[in-house]
There are 2 protein chains.
Amino acid sequence: MANSASGDSVVDRVVRLIEAFPEGATSLQLTELADRSGLPLSSAHRLVRQLSGHGLLELGAGGNVRLGLRLWELVNRNSPTLALRQAALPFMEDIQQVLNQNVNLAVLEGWEALFVERLSRRGSVANRARIAGRMPVHISSAGLALMAHQSRELQAEYLEQFQDPEGKVTSDVVRHLLAEAAQLGYAQLAGVVDPDTWGIAVPVMNGKRRAVAALGVVVPLAEMRLQALVPALQTAARGIGRQLRD
Amino acid sequence: MANSASGDSVVDRVVRLIEAFPEGATSLQLTELADRSGLPLSSAHRLVRQLSGHGLLELGAGGNVRLGLRLWELVNRNSPTLALRQAALPFMEDIQQVLNQNVNLAVLEGWEALFVERLSRRGSVANRARIAGRMPVHISSAGLALMAHQSRELQAEYLEQFQDPEGKVTSDVVRHLLAEAAQLGYAQLAGVVDPDTWGIAVPVMNGKRRAVAALGVVVPLAEMRLQALVPALQTAARGIGRQLRD
DNA sequence: TGGCTTCTTCCATTCAATGGTAGAACGTGC
DNA sequence: GCACGTTCTACCATTGAATGGAAGAAGCCA
């Protein structure tokens, strides 16, 4: 019973609290939050109250805790992806208009593609790639497009640690996919997420010729027409890259 | 030189750090961040390093600090507005398709409308209502639509404290605007933000008949056709409200 | 090269953070 | 309506984590 029996700082605890929210869960019971974050109830309670006072969290009736609107506001108005999304949105709208497909934009975070923006195909509701959602590199066209254009070192590191949790894919297969994507200039993947859809993605290069994002579409198998999709995506990706330069 | 000379807790400091980012600024110099947050440089530095370790901030070369992608991810995947936005997006897309106007969705935060989602008019780039941006209630149709359907107490409190920083608008004028919006079921405002545009917004009511959001469009003056716009917005707003009920 | 700014590290001091405990509030079944 | 389990909230003595000035390192520009 001292200052931090568990040996972590206040900052660590605040982070644990925020990270304790399971994906997609907007609200949590205080007790459950304490459990999930591994903090003693009284500590969790005290921290939540403090954070609520600033609006980073919201403490509702009955110990109901949710992320604060104020936090959402602060993060989104100063988002690290702001410039990227602003540059990309007009081009994404073009793609959506012309091809009428689900369009998405992803960046590389660790060994996963993190989707930062998305436009839905008109009329359809289903779209797996949620904003702020992740997909492992080896099963997403966006992930492959991104990884295929990273430095040799990073790719080597990635392949080194690669292991398919389901044991179906070997690192050699992934190596091949990456080589192919690098050579073709786009990545494609059929029916991995959804058996009836294709994913196609191209890298977005910034001024320094680094692949900072991937622009992709998810199309129904029936409408798969590479020769039409790829040039459109590549053109848009170049446009985005040019915007990023200024 | 003790534990917190300024008398605020670690949590307070973390919040100050995050709030120190000026709207729209994605990155900040460490020294400037320390200044803006009012923290001693060494304290700011230590906290930034800790937060960076968890990815909530990112500490780049040369003391360059930005919000972390990890924080963006956590906040957006558990956003308090997630349910609202998911319910609203399909309807917003409908509006965009049918009317081809800038569509936006706002909630009430304090005495301001906070824009949580937005779709741009095809082809146009300009759109003042940025995501995570704010507009005072009395100069935004969304704000008026929201406030007009709040409880009598809240409205009274709002009008009580109201004061136009520019001294042009009196609280009586605002009272009148609110009454009108409440009676008509929609709020309209001409050329306040941009001299050539109209804003029209309708409230979105949840299951408990509380106005939880406002759905609005911004149209060029020339294309202003109330009799077409309002019914479309109201229909969409009802649809959104119905979704929120489940 | 010299001077200026900005970043980073160090460490003795001390008070804010901690968490077990107790009690209040809530919900639920009998 | 009572008793029981659960969850939330408040308290407070203990103590080690947080603090921030100062000095050194690293850039940067003229």
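Protein chains get the first letters and strands the later ones, always in sequence-line order, with residue 1 at the start of each.
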So, is B:Arg13 near the phosphate of D:dA18, with a side-chain N or O under 4.0 Å from OP1 or OP2? no
Could you give the CD-to-P distance, from A:Gln29 to C:dG27, as a whole number of Å? 10 Å
Does B:Arg134 use its side chain to pair, donor to acceptor, with the backbone of B:Ala113 at less than 3.5 Å? no
Round to a whole Å and report the spacing from CG of B:Leu17 to P of D:dT19. 11 Å
By nearest heavy atom, map A:Val11 and A:Glu32 onto DNA chain D; which one lands nearer the 5' end? A:Glu32
Can you list, by residue number, the residues of residues 44-64 of chain B that have a non-hydrogen atom closer than 4.0 angstrom to DNA chain C? B:His45, B:Arg49, B:Gly62, B:Gly63
Return the value, rounded to whole Å, for the distance between atom CG of A:Asp8 and atom P of D:dA17. 10 Å
Does A:Ser43 place a side-chain N or O at less than 4.0 Å from the phosphate oxygens OP1/OP2 of C:dG19? yes
Do B:Ser27 and B:Asn64 have a side chain donor and acceptor closer than 3.5 Å? yes
So, the side chain of A:Gln29 versus the backbone of A:Gly62: is there a donor-acceptor pair under 3.5 Å, distance only? yes
Which nucleotide sits closest to the side chain of B:Val10: D:dT19, D:dG20, C:dG19? D:dT19
When you measure from the side chain of A:Asn206 to the backbone N and O of A:Arg210, does any donor-acceptor pair fall under 3.5 Å? yes
Can we say A:Arg66 and A:Glu58 salt-bridge, meaning some charged N sits less than 4.0 Å from an Asp/Glu carboxylate O? no
d(CG, A:Leu41; P, D:dT6) in whole Å: 14 Å
Any salt bridge between A:Glu73 and A:Arg70, counting N to O under 4.0 Å? yes
